[in-house]
Amino acid sequence: MMSKTWSTFIAASSFRSPAVQPSSNGIKLNMVTAKWINLLSPDLGITPPCQIVPPRSGAVSFAADDVLFTFGGYAEKDSAAVPDRFVVNDLWKFTPYTMTETSSWGWTKIEQDPNSCIPGPRLATAMAALPSLSSSILLGGWDPQEPGTGGIILDDVSVLDVNTLQWSQLISSDQDDDGIISIPGGPTSRHVAVPVCINNGESIILHNHRCENHVLMLSVSSSEGQFRGKWKRQPTTGNIPSSRGLHCAAPLNYSNSITKSVVIFGGAAKDGKMSNEAFVLDLNTWEWKKLLCTGDQPSPRAGACLCPLDGKTVILFGGAETRDGGLVGLNDVWTLSINIEKGLGVWKCLLKEQADDITCPPGRNAATLTKMNAQALLPRALTDNESLLDKEPTYFLLQGGWNPFRKTYNDVFVLCILPE
């Protein structure tokens with residue numbers, strides 16, 4: 001029987017970040033501030049976007065050609081007595097704002113073809129987009145099924161063609177095996193999957209609680225409308241992360257988009273003990289390094305969001321930590337600047353945890369935070385602000401999540417990271 005932490009899926013509004021020093025621990029730091037934009041706020045003077053209904057946590061989101069998608073998760077319907085929670089397999093996309101169709105922008109449910117291989121309901125899954133193939137790969141997850149049964153952990157691998165929005169199963173690319181492939185080592189959930197570009201080819205790196213001396217690499221190709229894949233068990237060395245789930249991960253790319261490393265943060269062991277460790281995997285040497293970090297650091301947590309900001313910096317949002325009253329959702333925002341060669345990192349808190357502040361999203365875990373093309377998706381009144389004209393902000397869309405066992409969210413917040 002899994003611990004409660006593992007079976008649970010585990011943002012400060014104005015630019016209020018503390019001062020950021022230009023360098024620390026020998027690492028050149030990004031001089032950035034952070035701001036939340038609540039797209040549902042009447043103060044914006046725009047038609048609010050459509051929301052995902054019902055709210056859900058534990059879903060997966062990804063971006064493809066400036067379009068954002070969300071799949072699956074643990075949905076919740078309010079009731080007078082006990083909230084009705086159930087797992088789903090619906091697909092949503094974020095429709096851009098236009099002056100002529102202001103009432104239909106935001107999240108729109110996609111009517112999926114029942115004749116395609118639609119993946120079953122799940123949460124605690126992972127999904128990675130492969131732009132060169134106009135596809136996104138869904139990997140494993142957990143279907144709780146009937147309450148009290150424990151559900152099933154999944155090992156399937158599904159492909160979404162983002163041009164046709166058709167699902168298919170991934171076929172083996174081995175000449176001697178033309179069957180459907182699954183995740184090596186057996187079913188998995190609470191794992192991470194990161195798209196990477198190595199040697200001019202796109203792959204996916206999967207890390208789960210069984211990756212004690214390796215990571216799993218999935219190479220995907222497409223021919224005549226059929227997607228094929230091949231797994232590789234890539235050995236790793238160095239200071240390898242201990243067994244964990246509900247951690248988060250992000251790639252760090254060179255300027256030419258070749259991936260140089262993968263960063264993972266946090267998570268929880270099977271006994272429920274949470275971590276605030278950060279590790280970086282060098283994709284040239286396949287060596288793990290546990291980052292020696294300076295400055296104030298995030299608390300141990302699980303189910304947080306981690307996104308790349310540039311080739312040496314990631315953004316961390318939220319997660320859940322353990323307190324006397326149980327699991328509590330967080331809404332703080334951090335940057336982690338990394339020197340891969342030296343194994344050093346510097347944390348900076350951009351937005352501290354804020355309780356009861358309606359201008360920022362309530363604390364949560366099991367949410368998604370996805371980089372977005374704000375110029376293509378948001379009203380121009382939000383992105384053409386005079387204060388932004390001489391700067392290049394980076395925007396991320398927050399979707400879903402929950403404050404464990406209390407409330408599930410479908411608010412629509414955008415995180416704006418702005419150079420100073």
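Keep in mind the model is a prediction, meaning the values are calculated, not measured.
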Inset, instruction - Describe, in one word, how the ring planes of Phe69 and Phe62 are oriented to each other, choosing from parallel (under 30°), tilted (30 to 60°) and perpendicular (over 60°). - result: parallel
Inset, instruction - Examine the side chains of Ser61 and Gln399 and answer whether a donor and an acceptor come within less than 3.5 Å of each other. - result: no
Inset, instruction - Hey, could you give me the CG/OG distance between Asp113 and Ser116, rounded to the nearest 0.5 Å? - result: 4.5 Å
Inset, instruction - Tell me yes or no: between the side chains of Asn253 and Thr259, is some donor less than 3.5 Å from an acceptor? - result: yes
Legend entry - Nearest-0.5 Å distance, CD1 of residue Ile338 to NZ of residue Lys289: 11.5 Å
Legend entry - NZ/NE/NH1/NH2 to OD/OE distance under 4.0 Å, Arg323 and Glu353: yes
Inset, instruction - Look only at the side chain of Thr149 and the backbone of Glu146, and say whether a donor-acceptor pair between them is shorter than 3.5 Å. - result: yes
Legend entry - Nearest atoms (heavy-atom pairs only) where Thr125 meets Leu139: OG1-O, 3.1 Å
Inset, instruction - Measure the spacing between NE2 of His247 and CE of Met274 and express it to the nearest 0.5 Å. - result: 14.0 Å
Inset, instruction - Please determine if Asp296 and Lys352 form a salt bridge, counting it only when a charged side-chain N lies under 4.0 Å from a carboxylate O. - result: no
Legend entry - Test item: Asn276 side-chain N/O and Pro298 main-chain N/O as donor-acceptor pair under 3.5 Å: yes
Legend entry - Main-chain N/O of Val215 paired to Trp286 side chain as donor or acceptor, under 3.5 Å: no
Inset, instruction - Could you tell me whether the side chain of Asp155 and the main chain of Gly186 form a donor-acceptor pair under 3.5 Å? - result: no
Legend entry - Residue that, paired with Arg56, satisfies side chain to side chain contact (heavy atoms under 4.5 Å, CB included) out of Asn410, Asp90, Leu123: Asp90
Inset, instruction - State the CE-CG distance between Met372 and Asp66, to the nearest 0.5 angstrom. - result: 9.5 Å
Legend entry - Any donor-acceptor pair under 3.5 Å from Ser243 side chain to His209 backbone: yes
Inset, instruction - Verify the distance criterion only: is there a donor paired with an acceptor across the side chains of Gln112 and Trp167 at less than 3.5 Å? - result: yes
Legend entry - Distance-minimising heavy-atom pair for Arg190 and Ile153: NH1-CD1, 4.0 Å
Legend entry - Spacing of His214 atom NE2 and Leu206 atom CG [to the nearest 0.5 Å]: 9.0 Å
Inset, instruction - Measure across Ala129 and Pro195 and return the closest heavy-atom pair with its distance rounded to 0.1 Å. - result: O-CB, 3.3 Å
Legend entry - Exam field: side chain Asn403 to backbone Arg406, donor-acceptor pair closer than 3.5 Å: no
Inset, instruction - Quickly, which of Ile417, Thr33, Leu415 forms a side chain to side chain contact (heavy atoms under 4.5 Å, CB included) with Leu350? Name it, please. - result: Ile417
Legend entry - Closest heavy-atom pair and its distance - Ala367, Cys305: O-SG, 3.4 Å
Legend entry - is_close_aromatic(Trp334, Phe265), centroid dist under 6.0 Å: no
Legend entry - Donor-acceptor pair, side chain of Arg244 and main chain of Gly266, under 3.5 angstrom: yes
Inset, instruction - Please answer whether the main-chain N or O of Glu287 pairs with a side-chain N or O of Thr236 as donor and acceptor at a distance below 3.5 Å. - result: no
Legend entry - Among Phe317, Phe396, Tyr395, the one residue meeting ring-ring contact (aromatic ring centres under 6.0 Å, His included) with Trp36: Phe317
Legend entry - Presence of salt bridge, Arg85 and Glu76, under 4.0 angstrom: yes
Legend entry - Gap between atom CG of Leu91 and atom CD of Glu111 - 0.5 Å precision: 10.5 Å
Inset, instruction - Starting from the C-alpha separation in whole Å, work towards a yes-or-no answer on side-chain contact (heavy atoms from CB on, under 4.5 Å) for Leu281 and Gln234. - result: CA-CA 12 Å; Leu281 177 63; Gln234 173 64 51; over 6 Å; no
Legend entry - Asn89 side chain reached by Pro119 side chain, heavy atoms, under 4.5 Å: no
Inset, instruction - Would you check if the side chain of His207 reaches a backbone N or O of Ala249 as a donor-acceptor pair within less than 3.5 Å? - result: no
Inset, instruction - Would you indicate whether the side-chain heavy atoms of Ile204 and Val196 approach each other to under 4.5 Å? - result: no
Inset, instruction - Taking all non-hydrogen atoms of both residues into account, name the closest pair between Ala128 and Val194 and its distance. - result: CB-C, 4.5 Å
Legend entry - Main-chain N/O of Asn208 paired to Arg210 side chain as donor or acceptor, under 3.5 Å: no
Legend entry - Minimum-distance pair of heavy atoms, taken over all atoms of Cys248 and Ala304: CB-O, 3.5 Å
Inset, instruction - Show the numbers, then the answer: is there a side-chain contact (heavy atoms from CB on, under 4.5 Å) between Tyr74 and Thr408? - result: CA-CA 9 Å; Tyr74 198 37; Thr408 303; over 6 Å; no
